[in-house]
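Scroll down for the structure; my scribbles are underneath it.
Below, chain A is the first sequence line, B the second, and so on; all start at residue 1. Quick note: numbers below take in every heavy atom, side chains included, and nothing from hydrogens, waters or symmetry partners. Every value quoted in this text rests on a predicted model; they were computed, and no experiment measured them.
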Number of protein chains: 4
Amino acid sequence: MAVVEPERTTARRAPRADSIRNREAIIEAAAQVLAEQGSTVDVREIARRSGVGMGTLYRHFPKKEDLVQTVLRDDFTKWAASARQAAIDAEDPWAALTEFYQQALTGYGRHRAIMENFALTWAVPDIEGLGQLRLVIDELCARAGAAGLLRPGVTTDDLLLLLVSLGHAVQVTDECRPQMWNRLLRISLDGLRAGRHREPLPADAAPDTGRGVHHADPVRTSTRRR
Amino acid sequence: MAVVEPERTTARRAPRADSIRNREAIIEAAAQVLAEQGSTVDVREIARRSGVGMGTLYRHFPKKEDLVQTVLRDDFTKWAASARQAAIDAEDPWAALTEFYQQALTGYGRHRAIMENFALTWAVPDIEGLGQLRLVIDELCARAGAAGLLRPGVTTDDLLLLLVSLGHAVQVTDECRPQMWNRLLRISLDGLRAGRHREPLPADAAPDTGRGVHHADPVRTSTRRR
Amino acid sequence: MAVVEPERTTARRAPRADSIRNREAIIEAAAQVLAEQGSTVDVREIARRSGVGMGTLYRHFPKKEDLVQTVLRDDFTKWAASARQAAIDAEDPWAALTEFYQQALTGYGRHRAIMENFALTWAVPDIEGLGQLRLVIDELCARAGAAGLLRPGVTTDDLLLLLVSLGHAVQVTDECRPQMWNRLLRISLDGLRAGRHREPLPADAAPDTGRGVHHADPVRTSTRRR
Amino acid sequence: MAVVEPERTTARRAPRADSIRNREAIIEAAAQVLAEQGSTVDVREIARRSGVGMGTLYRHFPKKEDLVQTVLRDDFTKWAASARQAAIDAEDPWAALTEFYQQALTGYGRHRAIMENFALTWAVPDIEGLGQLRLVIDELCARAGAAGLLRPGVTTDDLLLLLVSLGHAVQVTDECRPQMWNRLLRISLDGLRAGRHREPLPADAAPDTGRGVHHADPVRTSTRRR
DNA sequence: CATGAATGAGGATTCATTCAT
DNA sequence: CATGAATGAATCCTCATTCAT
């Protein structure tokens, strides 16, 4: 009775091998499908591709949302890591910034669900896994700023929004004009760079047009029904 | 021939007056709803707001898509016109470009369906109504280019993609950080401007990182589109 | 133009003929199925029996619960009315009470959904349609009480609970021993009647056993999980 | 024969000790859960509370129903025993009857699964474990009848149905009006008692209304049971 | 023999589109 | 020709039961 039962202890973990395989198959399949089709996917498609039944899927992830969040957290993490690594490998702060965007967009710009959720950065307070990415950008921003390379007034939020924005460009041109977004990236980075003829970016400033909105707002989206 | 059967002609027109009124009510309502909620709206919501029955709606537009396209063609047209006007009113080619973006984004950046479909510019061959916008941009591009203000190598497609990209920024920050996109616009415009320290933009060039993609592409979105 | 269009007005109501037929078919089918199987029925069974598609059913009743409530309100109303009529037709207050129970149990005792919901009288504050029944019982209680026929201390709630209780007896014996519940009814009514050797029913009194619970409560239902 | 293969016997017993412990844990947990939530509980909840896996549970009880029946047989037995004891402890036949109901309802009236299955007394031929309870009631009925205390014509079935009926009353009022059922019990017992002004209860008699059913049966539950 | 993961049919609900009035 | 009711495939999720480890 006092005898330990090592094989039972082992036996306790044995069934998990299967389970973990399945869990991973599900996440793998879900990641694929979410990348391809965004968060609106049919749960059954994920089950089919991962080779498990609906029940198995729902055992691991009680709500579709749970699965989506899990996958996205993972992918946000991978994303942040790979983009950060690219930045670290760079020679100077500006190259770091460049490499960061380059890698971030090349690697995950085509991931529909990631981009969908990334777009919610400002609408939804705490998107799972987004934090890490923000930290990386923070870092880059500080580094480039300290080196005097970044146009004064540029914030982490600006860099985030640029990433969201360019991520969308990637999605949009993916099928027919892959890499076209790279041109936009170069343009934006040039616009971000500090320079003699570049005045600082004022807080929440519009371009110095001196004029306001020309016409009455034709899009009345503020009157949300329901 | 046109006057042979006057009463039949009259008979034909009487219902058409109604019909036209209905058609316009539908389009008006659809435009509103599409702007607010994007193309995923329930057709019933459109019918409800326009005050016509589903049958009438489907008589005018046999598929939801037909209605959406019709509305978007109209809105693309209005969009192009208003943005073009802003450009025309500007004093110089560069101000024209600035005003164009300013107006385009302020006016329709929040129009969800427009932005959704605008994003399809490269994926779908001929989006209804998009042509005019492209013409306007073409014009602006040529003008600014001729004045030597635009960085060499920048194409109409670049400017279009920038608009798509910034449009997305507008959508994404609309609720919580309105106007934040303006900072991105300024940055991008600065990056677009010709300048001493600005080399020409090479055809489909990536930023001069000298390196390719760091990791294998983790997002395999090319397989199985529905 | 100023001419009224009476046929259009008529035309507006025409489509409803179908709709009303369907609505009634749905309610009829639902009433049947709910009576037979209780509130857990498959919605598709109701759709099938009423000969309409799922969409039609859900157009009329957006939630299953709505349909159930509608049917139950109707049936509670019919129930109260028929039982009340039986009471009214009776010669004296006591016969009224007797007839009331008789009719109530004969008519709807076998209605599973009604009895299920009736059972919730104390658990759920305001069951749709239950009010009328309570009013009828109130009336009967007062009448019989005023006539000195009802054992003092008996309340409307007692009579309600008796009805719930006997309703269950009907359900339980329906298949194999129909009418057996009648014996219980007679017993209960006799126990309800005022009489020389019948002391008043004290408020919330247990039978005068003089003793409490004999054993510790073997049913620990109070520790509800979740 | 029993001693031919002692080590095999031992080998057989070792696992069985475990097995028995498990079986009892399952039954214990099931009893609790069934009492709380009735027979519709999720089997997993039982497995969880008993601390065994689903496989073990299903090894002991191949169908959910088997487990339920086993538990209920036990609980019916305990129920019968405790109620019988209360009756035995009573001073006279009438007190015995009173105490029996009192104890039966106080002890198990809130046991949802018991009451659910008890309700099947007439629908299902041989409910496991119900027999003992019937025997106890038989006894009480005979005793009270012999003492001339029970209204003539009252049968064991009547007393059983009364118990079912009052059991339902307990369930129905448990949360909001505990003990309210006691009033109904007193009423019923008074109605059961023999007395001057109490005529015998005729076999399967309806109350002496002299009339039949007033309306056509509005509840047609006889068709189509699944 | 215990474990708990896997299975998949079944149930409520939505919405583009068709059709009777 | 307008109306809005009808249709039913598609979608998320649950739970009794089986099976690999």
Side-chain angles (χ1 to χ4, degrees), chain A residues 8 10-23 26 40-45 47 51-65, chain B residues 12 14-16 18-19 22 40-48 51-65 67, chain C residues 8 10-23 40-45 47 51-65 67, chain D residues 12 14-16 18-19 22 40-48 51-65 67:
Chain A
R8 258 197 84 172
T10 315
R12 257 182 204 155
R13 262 159 207 159
R16 263 190 170 167
D18 232 42
S19 184
I20 287 174
R21 236 198 323 285
N22 270 329
R23 190 188 158 89
I26 291 168
T40 58
V41 269
D42 188 338
V43 181
R44 279 170 301 186
E45 173 67 11
V52 306
M54 291 294 287
T56 304
L57 198 155
Y58 273 91
R59 156 179 278 276
H60 288 284
F61 304 96
K63 301 271 166 198
K64 181 187 181 183
E65 190 58 19
Chain B
R12 255 183 204 158
R16 203 174 258 176
D18 240 40
S19 185
N22 273 334
T40 57
V41 270
D42 193 329
V43 181
R44 283 167 194 188
E45 175 67 11
I46 299 174
R48 212 174 300 131
V52 306
M54 293 292 285
T56 305
L57 197 157
Y58 270 88
R59 164 167 301 280
H60 287 285
F61 306 96
K63 299 270 164 197
K64 183 188 183 182
E65 190 57 21
L67 172 54
Chain C
R8 259 197 83 171
T10 314
R12 257 184 204 156
R13 263 160 207 157
R16 263 190 170 168
D18 232 41
S19 186
I20 288 174
R21 235 197 324 283
N22 270 329
R23 191 189 158 87
T40 58
V41 268
D42 188 337
V43 181
R44 277 171 300 188
E45 173 67 10
V52 306
M54 291 295 287
T56 304
L57 198 155
Y58 272 89
R59 155 177 280 275
H60 288 284
F61 304 96
K63 300 272 167 198
K64 181 187 181 182
E65 190 58 20
L67 173 53
Chain D
R12 255 183 204 157
R16 204 174 258 175
D18 240 40
S19 186
N22 274 334
T40 57
V41 270
D42 193 329
V43 181
R44 284 169 192 187
E45 175 66 11
I46 299 174
R48 213 174 301 132
V52 306
M54 293 291 285
T56 306
L57 196 155
Y58 270 87
R59 165 167 301 281
H60 287 285
F61 306 96
K63 299 270 163 196
K64 183 188 184 183
E65 191 57 20
L67 172 54

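- Nearest-nucleotide assignment on DNA chain F puts the 5′-proximal partner with R23(C), out of P62(D) and R23(C).
- A straight line from CG of D42(B) to C1' of dT13(E) spans 13 Å, rounded to a whole angstrom.
- When each of K63(C) and G51(A) is assigned the nucleotide of DNA chain E bearing its nearest heavy atom, the one mapping closer to the 5' terminus is G51(A).
- Per the geometry, CZ belonging to R48(D) stands 20 Å off P belonging to dA2(E), to the nearest Å.
- Across the protein-nucleic acid pair, L57(D) atom CG and dC1(E) atom C1' stand 14 Å apart, rounded to whole Å.
- Taken together, the paired segments of DNA chain E that extend over three or more consecutive Watson-Crick or G-U pairs, each closer than 3.5 Å at both contacts, are E:2-21 with F:2-21.
- When the side chain to side chain contact (heavy atoms under 4.5 Å, CB included) test is applied to R21(A), the partners found at least two apart in sequence or on another chain are D18(A).
- Counting only heavy atoms from C-beta on, T56(C) has its side chain closest to dT7(F) among dG11(E), dT7(F), dT7(E).
- Under 4.0 angstrom from either OP1 or OP2 of dA16(F) there lies no side-chain N or O belonging to R44(D).
- Rounded to whole Å, the distance from CG on L67(B) to P on dT17(E) is 11 Å.
- Here dA20(F) presents its P atom at 18 Å from OH of Y58(D), a figure rounded to the nearest Å.
- Distance check: R59(B) CZ to L57(B) CG gives 12.0 Å after rounding to the nearest 0.5 Å.
- How far NZ of K64(C) is from CG of D42(C): 7.0 Å, rounded to the nearest 0.5 Å.
- Within the 4.0 angstrom heavy-atom criterion, only backbone atoms of the sugar-phosphate kind lie near R59(B); the bases stay farther away.
- Comparing G55(D) and V52(C), the nucleotide of DNA chain F nearest to each residue sits closer to the 5' end for V52(C).
- Atoms CG (D18(D)) and P (dA2(E)) sit 7 Å apart, rounded to a whole Å.
- dT7(F) atom C1' lies 12 Å from atom CE of M54(B), rounded to whole Å.
- Among residues two or more places apart in sequence or in another chain, the side chain to side chain contact (heavy atoms under 4.5 Å, CB included) test is passed with F61(C) by R23(C), I26(C), I27(C), D66(C), L67(C), T70(C).
- Between the NZ atom of K64(C) and the C1' atom of dG11(E) there is a distance of 8 Å, rounded to whole Å.
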